[in-house]
There are 2 protein chains.
Amino acid sequence: MNIGEAAQASGVSAKMIRYYEEIGLITPAARTGNNYRTYGGDQVHVLRFIKRARSLGFSLEETQALLKLWQDRSRESAAVKDIATTHIDDLERRIAEMQGMVKTLKHLAHCCGGNDRPDCPILDDLAGSASPAHTD
Amino acid sequence: MNIGEAAQASGVSAKMIRYYEEIGLITPAARTGNNYRTYGGDQVHVLRFIKRARSLGFSLEETQALLKLWQDRSRESAAVKDIATTHIDDLERRIAEMQGMVKTLKHLAHCCGGNDRPDCPILDDLAGSASPAHTD
DNA sequence: TGTAGGGCTTCCCATCATGGGAAGGTCAAG
DNA sequence: CTTGACCTTCCCATGATGGGAAGCCCTACA
């Protein structure tokens, strides 16, 4: 299976497959006589694992750790859970941060006429001259 | 006021002030005889505006648009509101995406023993072999 | 007056994950 | 034999920020 087919089968672009190989996330693919990379079912399985981990927001570094644990039959599930819960905490922190922004923005947008006149509480807030809209 | 003081007064790092100047977000600062950048109260006000916009999650591109509107006395507040609501939508989309990840991850983590044994539903899900944990 | 320190300047590099594109080799079908 | 679709490597760009080096400038202090 050439890289294009492996990309199709795994949902990971050929570009990314080469990159993952370059950074050592996956082991270098075997080459055929024409120097083309070849992939088998196992490799595609690994690529799908990576794809899924990425879709759950894990970084490539975390993904690599998970990959190693996956391939380690003597792993302790606690190690996996640790990575997952740390990631959950990170996601929740970022969600809360963005929710704070949304809250403030919605308040400001609600107070803004959104018409052809220039007065605008959104700009007033940004300029720091407005009645302090709660930042939380 | 030198760049260090302006940084202190605005909360924007000197590094970033130079960068903002380089990309045309702010107008180049005047220079003194020794080639040092000089800033006045107005410039600091602009920097604080940028700082606040960034803290609400606006990109530098959006921030530039907001800055122009702020400085345009004949603006229509609708233009400002447009930018804000587009940004709110974007934030909410990203929040929803991350919440989906959290939901899936929490479910998986809940099902994972987190002990010294190797069996782990988190890895099973990533490997695609598990009972399909809802991706939503 | 010399020096030490801190601030300023520019320039280059790194991050993180991904895509775009060029230049050139290879293969299969028509 | 040509055409087109692959593949290869290499370089560049993204967005916003930080780190750090090399070198200039100014002030304070001995």
Side-chain angles (χ1 to χ4, degrees), chain A residues 1-26 28-40 43-44 47-67 86-87 90-91 94 97-98 101, chain B residues 1-26 28-40 43 47-67 83 86-87 90-91 94 97-98 101:
Chain A
M1 196 186 328
N2 282 344
I3 199 170
E5 296 165 90
Q8 197 97 35
S10 65
V12 178
S13 75
K15 208 91 185 182
M16 278 304 101
I17 295 176
R18 294 195 197 96
Y19 175 66
Y20 292 163
E21 181 180 311
E22 186 194 334
I23 65 171
L25 181 59
I26 57 180
R31 303 289 185 125
T32 55
N34 51 22
N35 202 31
Y36 285 12
R37 289 174 179 82
T38 339
Y39 298 88
Q43 274 86 13
V44 170
L47 289 171
R48 280 215 222 104
F49 182 101
I50 294 170
K51 172 91 179 170
R52 174 78 176 139
R54 295 286 302 126
S55 81
L56 287 176
F58 288 106
S59 69
L60 287 186
E61 198 179 351
E62 289 164 329
T63 300
Q64 185 157 38
L66 292 168
L67 207 43
T86 298
H87 180 45
D90 186 47
L91 283 170
R94 282 153 55 196
E97 196 180 340
M98 289 196 284
M101 295 175 186
Chain B
M1 198 186 323
N2 283 343
I3 199 170
E5 295 165 273
Q8 197 98 32
S10 66
V12 178
S13 75
K15 208 91 184 182
M16 279 301 102
I17 296 176
R18 294 195 197 96
Y19 175 66
Y20 293 162
E21 180 181 311
E22 187 193 333
I23 64 171
L25 181 59
I26 58 180
R31 304 287 186 125
T32 55
N34 52 20
N35 201 31
Y36 285 12
R37 290 173 179 81
T38 341
Y39 299 87
Q43 274 86 12
L47 288 171
R48 280 215 223 106
F49 182 102
I50 294 170
K51 173 92 179 171
R52 173 75 177 143
R54 296 285 304 125
S55 81
L56 287 175
F58 287 106
S59 69
L60 287 185
E61 198 180 351
E62 289 165 329
T63 300
Q64 185 159 38
L66 291 168
L67 207 43
I83 295 174
T86 298
H87 180 45
D90 187 48
L91 283 171
R94 282 154 54 197
E97 196 180 340
M98 289 196 285
M101 295 175 185

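Naming: A, B, ... by sequence-line order, numbering from 1 per chain. For clarity, every value in this text was computed on a predicted model and none was experimentally measured.
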Donor-acceptor pair present, Y19(A) side chain and dG19(C) base, under 3.5 Å
no

dG15(D) P sits how many Å from F58(B) CZ, rounded?
17 Å

Find the distance between CG (L47(A)) and CD1 (I17(A)) and round it off to the nearest 0.5 Å.
5.0 Å

Please work out if R18(A) contacts a base, only the sugar-phosphate, or nothing of the nucleic acid, heavy-atom cut-off 4.0 Å.
base

Tell me: CG of N35(B) to C1' of dC25(D), nearest whole Å?
11 Å

DNA chain C nearest-nucleotide lookup for G33(A) and K15(A): closer to the 5′ end is K15(A)

What's the spacing between Q43(A) CD and R37(A) CZ if we round to 0.5 Å?
12.5 Å

Output the distance between atom CG (L66(B)) and atom CD1 (I83(B)), rounded to the nearest 0.5 Å.
4.5 Å

What is the separation between atom CD on E5(B) and atom P on dG7(C), rounded to the nearest whole Å?
10 Å

Round to a whole Å and report the spacing from OH of Y36(A) to P of dA28(C).
9 Å

Tell me which nucleotide among dG20(C), dA17(C), dG18(D) gets nearest to the side chain of R54(A).
dA17(C)

Whole-Å distance, M1(B) CE to dG7(C) P, equals 16 Å

For the side chain of N34(A) and the backbone of Y36(A), is there at least one donor-acceptor N/O pair under 3.5 Å apart?
yes

Taken to the nearest whole Å, CG/N2(A) to P/dT8(D) is 7 Å

Which nucleotide wins on minimum distance to the side chain of R31(A), given the candidates dC7(D), dT9(D), dT17(D)?
dT9(D)

Atom-pair distance (CD1 on I50(A); P on dT18(C)), nearest Å
10 Å

Using whole Å, what does the distance between atom C1' of nucleotide dG25(C) and atom CG of N34(A) come to?
9 Å

Below the 4.0 Å mark, does dG19(C) have OP1 or OP2 next to a side-chain nitrogen or oxygen of S13(A)?
yes

Would you say R37(A) reaches dT9(D)'s phosphate, i.e. side-chain N/O to OP1/OP2 under 4.0 Å?
yes

Does OP1 or OP2 of dT18(C) have a side-chain N or O of Y20(A) closer than 4.0 Å?
yes

Is it the case that the side chain of Q64(A) and the backbone of G24(A) share a donor-acceptor pair, with hydrogens and angles ignored and the cut-off at 3.5 Å?
yes

